[in-house]
Structures are given as structure tokens and as C-alpha cells.
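The structure's right below; bear with me while I get my questions together.
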Amino acid sequence: MPDGEESAAVPPRYALVPDPHGPGGRLQPLAEDGTPAGPPVRADRLADSVAAVEAAEHPRWVWAAADSAYAPLLPLRLARCHDLRLTEALLLGHEGRWGAPRSLGAAWARLRGLPVPADLPESGPTDEQAGLFAPDRLQLAPGTDPLDAVVAVHAEQQRRVAAIADEAARGRFRLLVAAESAGALLAAEMAYDGLPWRSDVHDALLTELLGPRPALPGAQPRRLVELSAELQQALGGRPFNPDSHSQVLKAFADQGVQLASTRSWELRAVDHPAAALMIRYKELSRLHAAHGWAWQGAWARGGRFRPEYVVGGVVSGRWASRGGGALQIPRILRRAVVADPGWLLVVADAAQLEPRVLAALSQDAGLARTAAEGDLYSALAATAFHGDRDKAKLGLLGAMYGQTSGDIGPLLATLRRRYPAAMGYVEAAARTGEDGGVVHSRLGRACPPPSADWLDLTEAADAGEAGGRSARARGRFTRNFVIQASGADWALALLAALRRRLAGMESGADRPHLVFFQHDEVMVHTPADLADRVAAAVTESGEEASRLVFGDTPVRFPLSTAVVECYGDAK
DNA sequence: AGAAAAAGCGCC
DNA sequence: AAAGGGCGCTTTTTCT
């Protein structure tokens with residue numbers, strides 16, 4: 001397991017249920033298969049009791065969902081958990097019941113043959129007071145004891161995992177459950193700790209690009225007002241709204257410039273002085289609207305940006321975020337992410353993760369040899385593309401994403417000849433998708449089945465061009481899914497391994513903590529004297545993740561690591 | 001009036 | 001440089 005590798009003994013389990021209000025709650029020890037190993041215990045101060053059990057027994061905590069059970073206990077740190085809601089979603093997908101409600105109440109209702117409540121819409125920052133931690137978010141029927149439900153649903157989940165017939169697949173799925181649950185711990189912790197954010201640096205950058213902050217909250221900053229005026233003048237002087245696509249298209253058309261859209265790559269190809277102005281306006285307007293002063297006031301106060309992460313929010317297992325756009329911070333704003341005095345940032349990203357995942361998944365001996373190198377694309381180019389790295393990259397990306405357009409045909413033919421196992425792997429995944437089938441990540445995360453609309457479109461007797469297009473689109477999805485989702489498996493295992501290593505480090509009263517995770521990139525905020533140890537832990541965690549997820553493979557998954565004061569200096 | 005869709009661009 | 005899959009967010013436009 002990523003978070004318990006060192007302990008030979010299986011850790012004990014404890015069900016944990018906080019009271020709906022107040023600091024109390026209940027615990028109950030459980031055996032590995034979920035049967036109670038002792039009576040429930042009441043705790044008047046749940047955080048104290050949990051801390052004591054954590055120190056004495058290092059258990060795996062079993063709870064309905066981290067946001068209701070773990071967030072109220074922070075800053076207490078727990079090593080392991082089994083998150084019932086995330087596990088329910090993984091199991092439902094694996095069992096072909098994708099999309100069924102996954103709350104504790106829904107799982108309990110299925111177990112008892114009761115009507116199954118639909119999942120509530122995800123919470124947002126606005127309903128914090130409205131009861132983010134309220135018990136009704138568990139969707140339990142009135143009168144149900146939540147501890148009974150946690151114990152019963154957990155036992156049922158353990159039974160369902162044990163029922164996976166193939167032993168190797170079962171082991172990998174257990175790893176997936178543990179890693180996803182570790183992600184739940186980490187997401188709550190990162191939201192609590194926040195990413196170091198220098199509002200003064202952010203503010204200076206905005207002022208440099210947009211002009212001074214407008215006195216009125218809704219007002220346009222000076223630079224945008226100027227650009228609007230210049231645009232209007234360049235396009236004949238008639239007023240129009242540069243934020244309205246249709247008005248922009250019309251304004252250009254009036255000058256004899258026909259555009260199919262206002263996309264910036266299309267504008268870039270236009271030979272008209274207004275095009276550059278329009279592109280600049282869009283860039284700055286977007287910065288102002290999405291990451292300007294209003295964003296700062298809402299999300300980055302008190303020296304920390306506190307996003308809300310959604311573990312497993314993307315079907316591939318990648319995380320999503322809710323509010324604040326944590327995973328879409330513009331690169332230019334990275335300079336506002338600065339370590340506290342006496343602290344440093346360790347920033348690491350997995351180099352060329354997806355082609356390496358393909359090499360490991362397909363066990364293509366030739367591709368694996370290139371993926372044993374530091375720069376996979378150069379090695380690939382040397383072997384198969386006469387040293388042309390661009391072509392090698394182009395071809396491999398096209399193969400992984402199902403690209404057919406452009407001059408990519410010959411590149412794909414070369415790849416097919418040199419790396420038949422790798423190309424066969426993605427093409428089989430595509431065929432499965434086109435036929436309406438389901439594919440899985442390395443650890444067993446399932447992709448969604450085709451929708452009813454899709455089936456109508458593609459399986460009708462007269463399924464014509466639209467049906468074919470739709471089938472090919474799903475083929476591209478499943479082709480990419482096996483790689484993206486297996487990459488997410490690896491990244492989750494990396495996180496779990498790194499989190500465990502960081503928990504063992506301290507410098508006085510301070511300790512390093514993860515503060516950012518974005519698909520294949522992690523950031524640790526650490527006391528400066530621990531930075532080298534943190535960097536080493538990143539490397540070790542990458543190796544551990546590779547071994548756990550892909551087993552014995554010659555493929556390497558190197559991380560490029562930078563130790564910096566400012567995120568903007570990381571690469 | 002409010003919800004939903006569309007367009008467009010940010011990140012991987 | 002983009003293509004290709006995945007998202008979130010904001011604004012405008014359209015629908016109910």
C-alpha cells in the first residue's frame with residue numbers, strides 16, 4: 001500500500017463518525033473485513049480521542065467522506081483512511097454501475113433495499129454556513145444511525161473488493177482505494193494549509209499590466225478602457241462590445257475581414273492592426289476577470305490561496321477544483337507564489353509522463369527502451385525518426401490522442417512498424433470504445449459507458465456519418481483514457497508516498513507539507529533546512545509509485561525537481 | 001428572472 | 001505553433 005508499505009502487519013481500522021454539531025463523536029474498532037472488533041466508543045472531544053488512537057495504533061480511519069469527517073479535525077494529521085464515498089464511486093464504476101449515487105446514504109439504501117437518494121449537488125464556497133458538515137449531506141434516511149451505516153457500508157465495500165476475481169487486479173484495486181483515500185486526506189489538508197500567495201506581488205503584476213486598481217469594484221481598469229478605445233478606432237469608429245463575440249465578428253466583417261470565430265489563433269492569422277489589439281484585450285480582460293483583484297479578495301487572503309480540490313473529480317481520476325481555479329492558475333501569476341521567510345518551495349513535475357505510461361502499460365520492449373532514457377522523445381527520435389525530435393513527439397502524441405489530421409499519417413506508420421505492441425495497445429483501447437465498451441486504468445478505474453444517446457446514434461440501422469463520427473470520438477476518448485487515467489493512478493501513488501515521507505520530517509515545530517498538486521506536478525512548502533531531504537523524498541516517492549503501479553518495468557518515471565523561493569523560478 | 005448553452009481561454 | 005483528450009471559469013446569448 002502506498003501509505004503503509006513499511007508495516008508488515010495490516011493496520012487496524014476504526015470507524016469514525018462526528019456528531020452533527022459540537023466537538024464530540026463516536027469510534028468503533030473494526031477488523032480488516034469490516035466486522036466490529038469492539039463496541040462503539042463515545043468521545044466528548046473527538047479530536048483528542050482520535051489523536052490518541054492515531055498515536056497508539058496508527059489505524060486506517062473509516063468515514064463517510066473526508067469533508068465531513070476529517071476537515072473538522074484539522075490541523076490534526078492522520079496517516080490513513082478509507083473514504084467510503086470515493087470508494088463507492090470506484091466500485092460502482094468497476095461493477096458497471098457508473099453514475100449511481102455514491103453517498104453513504106445511497107450505499108446504505110442499496111444495501112437495505114430502500115429507495116436510493118440522489119446525490120446532492122456539490123457544495124460551493126457559498127454554502128459553507130448552510131451546512132457543509134451537516135449530517136444530511138450524507139443522505140441518510142431519518143432515524144438511521146450514521147455509525148451503523150458507516151460500519152455496514154464499509155464491510156460491504158470490503159466484500160465487493162474481495163470479490164474481484166483476478167488476484168492481481170484485486171491487489172491493484174486495493175491500491176487504488178488506498179491511494180484515492182490518501183488523496184482525500186491530502187485535499188483536505190491542502191485546503192486547510194493553503195498555497196503561499198503574496199498578494200503584494202500579485203497586485204503589482206496586475207497594476208503593471210492593467211493599470212491601477214479601479215476605485216469602483218465593477219469598473220474596467222485603465223488599460224482595458226484604452227484598448228477598447230483603440231480597437232473601436234481601428235475598426236471604423238463605431239462602438240461595440242469587445243466581450244461580445246458576435247459584435248466583434250461583425251466589426252471585423254465591416255472592415256472586410258471575415259472570421260469564423262474570435263479564437264486567438266484565428267485572429268493571429270489576420271493581417272489587420274485590430275487583430276493584435278483584440279488578442280491583447282482578450283488576454284488582459286481574462287486576467288482581470290478570472291484572476292484579478294476580485295479573485296484575490298475572494299480566494300487569496302491572509303497570504304494563502306485556499307482552493308477547494310475535488311478528488312476524483314475528473315472521470316480519469318485526475319483531480320478537479322471548485323472555485324478559485326486552482327488547476328488553471330496562469331503561468332504569469334506563478335511569481336506570486338513565494339515561500340515564507342526561512343522556507344522554500346520544492347517543485348517537481350513528472351517528465352513526459354504519458355508516453356512513459358504507454359510504454360509501461362503496453363510492455364512494448366522497444367518503447368520501454370526509449371522510456372528508460374531521461375528524454376524519451378530524443379531517444380525515440382534517434383531510434384525511429386532520424387534524430388528529428390519534433391517528429392517523434394508529434395507522432396507519439398498523435399498516437400495517444402487519436403489524431404488523424406495533418407501530415408501525421410507517415411509518422412503513425414513508422415511508429416506502428418517500430419513499436420507494434422504500444423500502438424496495438426492504444427488501438428485496441430480505441431476499438432473497445434468505438435464498439436461501446438469500457439476500458440480501465442492500470443489500477444482499475446473504469447471509464448464511463450456510452451450514453452443512451454450515443455447508443456441511439458451509433459447502433460441505429462441507419463447510423464450514418466453522424467454515428468461514425470460519434471463512434472470515433474468515443475474511440476479517441478477511450479484511447480486517451482487508458483493513458484491519462486493510468487497517469488493519474490501513478491500521480492496519486494506518488495502523492496500518497498510523498499505525504500507519508502513528509503510526515504516523518506520536522507524542523508523544530510515546523511514540518512514540510514504539500515501545498516499544490518496539478519495532474520503531474522507537486523509542490524512542497526518546507527523549512528529551508530529540510531529542502532534537500534524533501535527533494536530526495538520526491539525522487540524516492542516517484543520510484544515507489546512506479547514500482548507499486550507498474551511493477552517490474554524497465555520504464556523510468558523521472559521527476560524534474562527544483563528548489564526555489566518563488567514558483568515562477570521553477571522552470 | 002433565472003437557468004442553460006455557447007464561446008473562448010486558462011491549466012495538464 | 002498547433003493538433004488531442006480532460007477539466008473550470010467568465011461573459012454573452014438563448015431558452016424556459
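Values in this document were obtained by computation on a predicted structure and should not be read as measured data. We name chains A, B, ... by the order of the sequence lines, and we start the count at 1 in each one. Values reported hereafter were calculated over all heavy atoms of this structure, with side chains retained and with hydrogens, waters and symmetry mates removed.
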Note to self: Nearest to the A:Val314 side chain among B:dG8, C:dG6, C:dG4, which nucleotide is it?
What the structure shows: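 Of all the options, the side chain of A:Val314 is nearest to C:dG6.
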Margin query: Could you check whether A:His94 and A:His440 have their ring centres less than 6.0 Å apart?
Written below: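 Yes, ring centres under 6.0 Å apart.
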Next item on the list: For A:Leu394, answer base if it contacts any base atom (sugar-phosphate contacts may also be present), sugar-phosphate if it contacts only those atoms, and nothing otherwise; contact means non-hydrogen atoms under 4.0 Å.
Entry: base
Note to self: Just the rounded figure in Å: distance from P of B:dC11 to CZ of A:Arg322.
What the structure shows: 23 Å
Notebook entry, point to check: Could you state the CG-P distance from A:Asp243 to C:dT10, rounded to the nearest angstrom?
Noted result: 14 Å
Margin query: Any base atoms under 4.0 Å from A:Gly325, or only sugar-phosphate, or nothing? Heavy atoms, all strands.
Written below: sugar-phosphate
Check: Between A:Glu230 and A:Arg223, is there a salt bridge with N-O shorter than 4.0 Å?
Finding: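 So A:Arg223 pairs with A:Glu230 through a salt bridge.
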Check: Considering only side-chain heavy atoms of A:His519, which listed nucleotide, B:dC12, C:dC7, C:dA3, is closest?
Finding: B:dC12
Notebook entry, point to check: Counting any heavy atom closer than 4.0 Å, what does A:Arg286 reach on the DNA or RNA strands: base, sugar-phosphate only, or nothing?
Noted result: base
Item checked: Atom CD of A:Glu283: over 12 foreign heavy atoms under 6.0 Å ->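 Count over threshold, so yes.
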Note to self: My understanding is that a pair needs two contacts under 3.5 Å, Watson-Crick or G-U wobble. By that rule, which nucleotide pairs with C:dT11?
What the structure shows: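 The base-pairing partner of C:dT11, which may sit in any strand shown, is B:dA6.
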Margin query: At 4.0 Å (heavy atoms only), tell me whether A:Gly398 reaches a base, stays on the sugar-phosphate, or touches nothing.
Written below: nothing
Next item on the list: Quick one: pull up CD in A:Gln247 and CZ in A:Arg238 and give me the separation to the nearest 0.5 Å.
Entry: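 Between A:Gln247 CD and A:Arg238 CZ, I get 11.5 Å after rounding to 0.5 Å.
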Check: The side chain of A:Gln328 lies closest to which of these nucleotides: C:dG8, B:dC12, B:dC9?
Finding: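 Looking only at side-chain atoms, A:Gln328 lies closest to C:dG8.
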Note to self: Tell me which nucleotide, if any, is Watson-Crick or G-U wobble paired with C:dG4 when both distances must be under 3.5 Å.
What the structure shows: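 Base partner found: none.
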Next item on the list: Take the protein atom CZ of A:Arg318 and the nucleotide atom P of C:dC7, then report the distance between them rounded to whole Å.
Entry: 10 Å
Notebook entry, point to check: When all nucleic acid strands are considered with a 4.0 Å heavy-atom cut-off, which category describes A:Asp349: base, sugar-phosphate, or nothing?
Noted result: nothing
Margin query: Categorize A:Ser244 for me: base, sugar-phosphate, or nothing, with a 4.0 angstrom heavy-atom threshold over every strand shown.
Written below: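 If one applies the 4.0 Å heavy-atom cut-off, A:Ser244 turns out to touch the sugar-phosphate alone, with no base involved.
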Next item on the list: Report the distance from atom CD of A:Glu521 to atom P of C:dG6, rounded to the nearest whole Å.
Entry: 22 Å
Checklist line | Closest listed nucleotide, where the reference is the side chain of A:Pro330 and the choices are B:dG10, B:dC12, C:dT13 | finding: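 Nearest listed nucleotide: B:dG10.
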Note to self: Can you tell me if A:Gln220 has over 12 outside heavy atoms packed within less than 6.0 Å of its CD?
What the structure shows: yes
Notebook entry, point to check: Once you round it to whole Å, what is the distance between P of C:dG4 and CD1 of A:Ile483?
Noted result: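 Atom CD1 in A:Ile483 sits about 16 Å away from atom P in C:dG4.
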Notebook entry, point to check: Does a nitrogen or oxygen in the side chain of A:Ser246 sit under 4.0 Å from OP1 or OP2 of C:dT13?
Noted result: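 Checking A:Ser246 against C:dT13: at least one side-chain N or O falls below 4.0 Å of OP1 or OP2.
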Notebook entry, point to check: Among B:dC9, C:dG6, B:dC12, which is the nearest nucleotide to the side chain of A:Ser264?
Noted result: B:dC9
Note to self: Out of the candidates A:Val270, A:Thr262, A:Leu267, A:Leu259, only one should pair with A:Met278 under the side chain to side chain contact (heavy atoms under 4.5 Å, CB included) rule; please name it.
What the structure shows: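 In the set A:Val270, A:Thr262, A:Leu267, A:Leu259, the residue that makes a side chain to side chain contact (heavy atoms under 4.5 Å, CB included) with A:Met278 is A:Leu267.
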Next item on the list: Quick one: label A:Arg474 by what it contacts on the DNA or RNA (base, sugar-phosphate, nothing), any heavy atom closer than 4.0 Å.
Entry: nothing
Check: Given side chains that start at C-beta, do those of A:Val524 and A:Phe516 come closer than 4.5 Å, heavy atoms only?
Finding: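 The answer is no, as the side chains (C-beta and beyond) never meet within the 4.5 Å cut-off.
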Check: What about A:Arg331, does its side chain sit under 3.5 Å from the base of B:dC11 through a donor-acceptor pair?
Finding: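 Such a pair does not exist between side chain and base.
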Note to self: Please check if the number of heavy atoms outside A:Lys391 that lie under 6.0 Å from its NZ is greater than 12.
What the structure shows: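 No - once you tally the heavy atoms of other residues, nucleotides and ligands closer than 6.0 Å, there are 12 at most.
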Check: Which part of the nucleic acid, if any, lies within contact of A:Gln484, taking any heavy atom under 4.0 Å across all strands shown: a base, the sugar-phosphate backbone alone, or nothing?
Finding: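 Here A:Gln484 touches the bases of the nucleic acid.
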Notebook entry, point to check: To the side chain of A:Ser321, which of C:dG5, C:dG8, B:dG8 is closest?
Noted result: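 Nearest to the side-chain atoms of A:Ser321, counting from C-beta on, is C:dG8.
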Notebook entry, point to check: Does a side-chain N or O from A:Asn480 land closer than 4.0 Å to OP1 or OP2 of C:dG6, or not?
Noted result: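 A:Asn480 to C:dG6 OP1/OP2: no side-chain N or O under 4.0 Å.
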Next item on the list: Between B:dC9, C:dC7, C:dT10, spot the one nearest the side chain of A:Ala290, thanks.
Entry: C:dT10
Note to self: Classify A:Arg263 by what it touches in the nucleic acid, base, sugar-phosphate, or nothing, heavy-atom distance under 4.0 Å.
What the structure shows: sugar-phosphate
Margin query: How many whole angstroms separate atom CZ of A:Phe240 from atom P of C:dT11?
Written below: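 Result: 18 Å.
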Note to self: Classify A:Ser285 by what it touches in the nucleic acid, base, sugar-phosphate, or nothing, heavy-atom distance under 4.0 Å.
What the structure shows: nothing
Margin query: Can you see if the side chain of A:Thr262 gets near the phosphate of B:dG8 - specifically, an N or O under 4.0 Å from OP1 or OP2?
Written below: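 Yes, within the criterion.
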Note to self: Can you identify which nucleotide, out of B:dC11, B:dG8, C:dG6, has its nearest atom closest to the A:His245 side chain?
What the structure shows: B:dG8
Next item on the list: Could you state the atom-to-atom distance from CE of A:Met523 to C1' of B:dC12 in whole Å?
Entry: 14 Å
Notebook entry, point to check: Given C:dG4, B:dG8, B:dC11, which nucleotide is nearest the side-chain atoms of A:Gln518?
Noted result: B:dC11
Notebook entry, point to check: Reckon A:Lys282 has a side-chain N or O less than 4.0 Å from the OP1 or OP2 of B:dC9?
Noted result: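 For B:dC9, OP1/OP2 do have a side-chain N/O of A:Lys282 under 4.0 Å.
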Next item on the list: Can you tell me the distance, in whole Å, between the CG atom of A:Leu397 and the C1' atom of C:dG6?
Entry: 15 Å
Check: Can you tell which of C:dG6, C:dT11, B:dC11 lies closest to the side chain of A:Ala289?
Finding: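 Among C:dG6, C:dT11, B:dC11, the one nearest the side chain of A:Ala289 is C:dT11.
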